[in-house]
Amino acid sequence: MKCRKCDRQAVFNMRRHKLALCEEHYPEWFVAQAQRAIEKYHMFAPDDRVLVAVSGGKDSLALWDVLLKLGYQAGGLYIDLGIEGYSTPSREKVERFAAQRPGAEFVVVDLKAEYGESLPEVAKRVRRGRGKPCSVCGLIKRHAMNRVARDGDYGVLATGHNLDDEVAVLFGNVLHWQTGYIARQAPVLPADREGFARKVKPFCRLYERETAAYTLISGIDYIYDECPYAVGATSIGYKDILNRMEEESPGTKAQFYLGFLRARKAGFFCEQGDGIDLHPCTSCGQPTSAPGLCAFCRLWKTTDRQRVNGCI
Ligand code: Q46
Ligand code: ZN
Ligand code: ZN
């Protein structure tokens, strides 16, 4: 198959767009798509400082790469959660990527080094060893991202969520009619409260296989393995179902998601004010609804108390 734009052999075919491109024109198309989403949803401008949360996986590294290519002031943040067999190799991938781009700012938050416990350790303590550490992980990552964004004067926090991720979340929320979550799902979450950065997803209109093709063609080395705790996640089951639908009818996932965004814009899903009164945490200063300490600081205060009491 020939490239749509030149005479060369196409290396990637997008059935939903009926578009095949060569190894020169595909990356160009991909970068332009990201730029279109940034502009369409008013994510950020060239004078904004953007912090990219990088995990070592293909989507986040591709995002950092694309933003730097587009000339944005994009720094990277890697959070080392201390997950055995996963954190060390993924950190190495990110560090190597950053070293190849010496002009880009890069920050590592090492949980064990900074707070004394890895994610599995703190999750085991607070959840008494039951279940997966994902909810504690989410809390820790949100806190670290907000902290680094605030300390580094980043007004925007970008994540590599792609269209497959967004569709799986939407599908799950619709199945369970989580109306609050549905109303808040968007390519941009504005920084409507002081202390929070604006959150953006520039790849929300790009399929996972499109970001995979971009990293491959661009020679970006990433970690193939998922976090071991992702095994059996409900979202992976949803992705399988959605992939089967896509196979039958190319473009189904994009239709579902983009249709949702249009309905959202037309006001079908009104975001209710949560009515929650936020104030600064007395320890870290991040906004919290709890009196005194935020949920993150409470995690570690428990550690101090238990250590003093000799419980751990
Ligand atoms: S939440 Fe859970 Fe992920 Fe954290 S523990 Fe791993 S699977 S990394 S997106
Ligand atoms: Zn071409
Ligand atoms: Zn706090």
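Side chains included, hydrogens not; waters and symmetry mates left out as well; all remaining heavy atoms used. Indexing begins at 1, ligand by ligand and atom by atom, following the structure's order.
Under a 4.0 Å N-O distance rule, the pair Asp65/Lys69 qualifies as a salt bridge. In this structure, Lys58 pairs ionically with Glu208, as a charged nitrogen and a carboxylate oxygen lie closer than 4.0 Å.
Relative orientation of the Trp300 and Tyr115 rings is parallel, given thresholds of 30° and 60° on the angle between their planes.
Of the protein's heavy atoms, Lys141 NZ, 3.6 Å lies nearest to atom 8 (S) of ligand 1. With respect to atom 4 (Fe) of ligand 1, the closest heavy atom belonging to the protein is Cys137 SG, 2.3 Å.
Atom 6 (Fe) of ligand 1 has an N, O or S atom of Cys227 inside 2.8 Å of it. Atom 2 (Fe) of ligand 1 has an N, O or S atom of Cys134 under 2.8 Å away, backbone or side chain.
Draw a line from the Zn ion (ligand 2) to SG of Cys22 and another to SG of Cys6, and the angle between them is 110° (to 10°).
Between the side chain of Gln33 and the backbone N or O of Phe30, no donor-acceptor pair lies under 3.5 Å.
For the pair Arg142 and Phe296, the cation does not sit on the ring face, since its NZ or CZ is not both under 6.0 Å from the ring centre and inside 45° of the axis.
Note on His25: its N/O/S atom closest to the Zn ion (ligand 2) is ND1.
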